Amino acid sequence: MPDPFDLDDDGPQPSPSAPVQIAPPPAMAMPWLDGLNADQRRAVEATEGPVLVLSGAGTGKTRVLTTRLAFILVTGKARPWNVLAVTFTNKAAREMRERIATLVGPAAEQLWLGTFHALGVRMLRRHAALVGLESNFTILDTDDQLRLLKQLMDAERIDGKKWPAQVLLSTIQRWKDRGLAPQRVSAGDAGDLAGGRAIALYELYQERLKALNACDFGDLLLHCLTIFQDPAHAGILADYQQQFRYILVDEYQDTNVAQYLWLRLLAQKHKNLCCVGDDDQSIYSWRGAEVGNILKFEQDFPGAQVIRLEANYRSTPAILATASGLIRHNQGRLGKTLRPGHQHAEAGERVLVRGLWDGEEEARWVVEEIEAQQRAGTRLGQIAILVRAGFQTREFEERLITTGVAYKVVGGLRFYERQEIRDALAYFRVVVQRADDLAFERIVNLPKRGLGDASLQAMHVLARRQGVCLTEAAAQLVQTDELKPKARSVLAALLGDFDRWRSMLDGLPHPELAGTILDESGYTGMWQQERSPDAQGRLENLKELVAALEEYDSLPGFLEHVSLVMENDERSDAERVSIMTLHGAKGLEFDVVFLPGWEEGVFPHQRALAEGGVKALEEERRLAYVGLTRARRRVFISHAANRRIYNQWQNSLPSRFIEELPADSVDRLAEQGLFGGAAESATAWAASWNSVTPVRRQRQDVTTPSVAGDAPDDGYRPGDRVFHQKFGYGRVLGVDGNKLEIAFDKAGQKKVIDSFVAPA
DNA sequence: GATAATCCGGTTTTT
DNA sequence: CCGGATTATC
């Protein structure tokens, strides 16, 4: 598979002087235009000037995008490298490239097509020097960023308790999302964050990144903007403006301000900017997306054409009516009504809203319906359970396991985010870039080598004083006797290892080198020693990582890929029910969709309600809209009257969104038909259930040994089975006063105070 | 420096 | 209630 991120290839250089055909040869064969409806076709053919394509869910957006690109290429309006096409995810970029390739062949390879960030890197590597970086700068992940910021906060005596580094980091990121370099952040924006020194901190952070020859994700665009806007280098922007005759943007409702500015600058010359999006599907404001971008497109780009795609080819009329009815409750939309495309003669089955007793019963009901669907011929791969938040998946997983229905949870922890993978990558980074201090710090004492805070401190002090990287500082340090002899020799050995690995960079095939590094550093050994249940899995992940290296031609090349992609390719073609979050489901479609947990506090989420504003609530509503419009044939919504949250029982009201669904496309089904109308009836319903509570069902808590307090009066004896909150089950080996020596089944042997265990 | 006890917070996620 | 992060203790 071609790597969509491998952008620093030696593809053809832009040649502004190349002759460009403007008119298509009359008999040009473009059979793929034929299947389009009138609006779609307009969107494809309106190549000149700014265009906003408002494409509702299921209206053939991807098809329009790819066809439009093909049209531009085939008619000779532009050469591939004169076209800039931007997406949000690597997946989307890859798919788009593949689909275009089927239309125009290998020319698709030459397009400037990728995510904002990938394209940003490609440009930035060329001009890195202008913002004080070398072109081989590294891209930090969130871990690194946070560590860096914490260091600065320590140095600046900013209280991490009062101002969590996490919060400050996300503030800085939001500033970057808005295209604000430190000098441009207004004092009012910073408020009293970090005791009023937030801007100064941001500035330090940027300086530090520069010193490390590193970038964070926000910088990839922010630095581009800086370069573009610098009058001293006006030629650079002018060249790109000249080069990109046509610009195309997918998911425009998700762009942030920095991305908007970047696009606007690049489009300035030819003004052939086509943005495709749907304001009703904007669900990422919390990470900086600015719905305003799409709402004010016509003002921003005077003379813009707006083309609405409203013919939906995905869902039944009943589902469309439900979704439209719901989203109508939002203010401030561009306005757009989905109507059925051609294929549905009948309305289709109504959306079913089902009220249930509790989460467990909800899960049971959902799985029963899934089985019924399966019997009726629906494939499991065409069924999805879409939840608001990750923790909701558990109940469904449990039920699906007990019933033996195959499922997959889409979008758990991604491969490259796992601890062991990041550790391994840190080793590689130090080998490739000895100045990568953050990586060095991550692994200097991993596995434990006896190089603790004291040694690290010494390295830091020296590094600061001399203005060198930690590796260099460490090298100097081992020449002195500042460190204790033990630490000194261990550190010297480690540095020797790194030098040796570096010397092998060109000799050994890189997957082998990677294996060598992990083995010789003792990193694999560390996990082999570890007896915890997940150690095995971690070792397998490491093997997988080394295997994955085969696909790349060098270790540095691989690291570049990883820093951008951070993606987990799931390969498994078996038919399975998908469980995922509503966010994760955007852009996907299924025959049958289950939307559980429609309760106040869950969905809309408590936090959105707490904010109080309509903005947060409207975003939740859009999320519901996204959920509904994933379905082709059938939607099942459910809510429970009682839910256990943090192991506490709470009774809950049906989501307000249920009330907002148009009555004539929805069936409501709950015991005793108590869903007449307003929330009041919902309360009554819950109350009626509550009256039945006592006999209803005893919780399985009985089987769970409860916490401390019920220790036997005569204390524990060797051989007793016990349960510990953290370490699980184990057997008492010895007793020493109130201290117990316990061999835990999973966690190994530990000494524990008796009040922390309970008899099992 | 490593391990145990305590504290705290607890959506959504990509690059 | 759980898990991660921080603190306390040996």
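All values derive from a computational prediction rather than experimental measurement. Computed from heavy atoms alone, side chains included, the values below leave out hydrogens, waters and symmetry copies. Every chain is numbered from 1, with letters handed out A, B, ... down the list of sequences.
Rounded to a whole Å, the CZ atom of R607(A) is 9 Å from the C1' atom of dG9(B). Rounded to a whole Å, the CD atom of Q173(A) is 14 Å from the P atom of dT14(B). Rounded to whole angstrom, the span from the CG atom of L169(A) across to the C1' atom of dT13(B) amounts to 15 Å. Between the CZ atom of R449(A) and the C1' atom of dA2(B) there is a distance of 17 Å, rounded to whole Å. R174(A) places its CZ atom 11 Å from the C1' atom of dT13(B), with the value rounded to the nearest Å. Taking atom CG of residue L609(A) and atom P of nucleotide dT11(B), one finds them 14 Å apart after rounding to whole Å. One interatomic measurement links the two molecules: NE2 of H605(A) to P of dT13(B), which rounds to 12 Å at whole-angstrom precision. When the P atom of dT15(B) is taken as reference, atom CD1 of I172(A) falls 22 Å away, rounded to whole Å.
Between E619(A) and G218(A), the residue anchored closer to the 5' end of DNA chain B is E619(A), taking for each the nucleotide with the nearest heavy atom. Nearest-nucleotide mapping onto DNA chain B: of L451(A) and G584(A), the residue sitting toward the 5' end is L451(A).
For the C1' atoms, the distance linking dC1(C) with dT12(B) amounts to 22 Å, nearest Å. The separation of dG4(C) from dT11(B), taken at their P atoms, amounts to 14 Å, rounded to a whole angstrom.
Regarding contacts with the backbone of dT11(B), every side-chain N or O of T581(A) stays at 4.0 angstrom or more from both OP1 and OP2.
Side-chain atoms of T629(A) come within 3.5 Å of backbone N or O of V626(A) as a donor-acceptor pair.
Considering only side-chain atoms of A389(A), the nucleotide from dT11(B), dA2(B), dT13(B) that sits closest is dT11(B). Side chain of K150(A), nearest nucleotide from dT6(C), dT13(B), dT15(B): dT6(C). The listed nucleotides are dT15(B), dT13(B), dA2(B); the one nearest the side chain of K448(A) is dA2(B). Checking dT15(B), dT13(B), dT12(B) against the side-chain heavy atoms of R388(A) singles out dT12(B) as nearest.
Across all strands shown, E251(A) has no heavy atoms under 4.0 Å from either base or sugar-phosphate atoms. Among the protein residues, G120(A) comes within range of no part of the nucleic acid, since none of its heavy atoms lies under 4.0 Å from any strand. Using a 4.0 Å heavy-atom cutoff across all strands shown, G450(A) reaches sugar-phosphate atoms only and no base atom.
The existence of a salt bridge linking E619(A) and R622(A) is confirmed by a sub-4.0 Å separation between a basic side-chain nitrogen and an acidic carboxylate oxygen.
Ring pair W175(A)/Y202(A) is parallel by interplanar angle, where below 30° counts as parallel and above 60° as perpendicular. Relative ring orientation between Y523(A) and W527(A) is described as perpendicular, the plane-to-plane angle rising above 60° on a 0-90° scale split at 30° and 60°.
Stacking here means ring centres nearer than 5.5 Å and ring planes tilted less than 30 degrees, and by that measure W286(A) stacks onto dT12(B).
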As a quick check of understanding, evaluate side-chain hydrogen bond (donor to acceptor under 3.5 Å, both in side chains) for Q433(A) and D436(A), giving each step before the final call. CA-CA 6 Å; Q433(A) 260 251 348; D436(A) 194 330; over 6 Å; no

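With hydrogens and angles left out, the side-chain atoms of D250(A) and T87(A) include no donor and acceptor closer than 3.5 Å.
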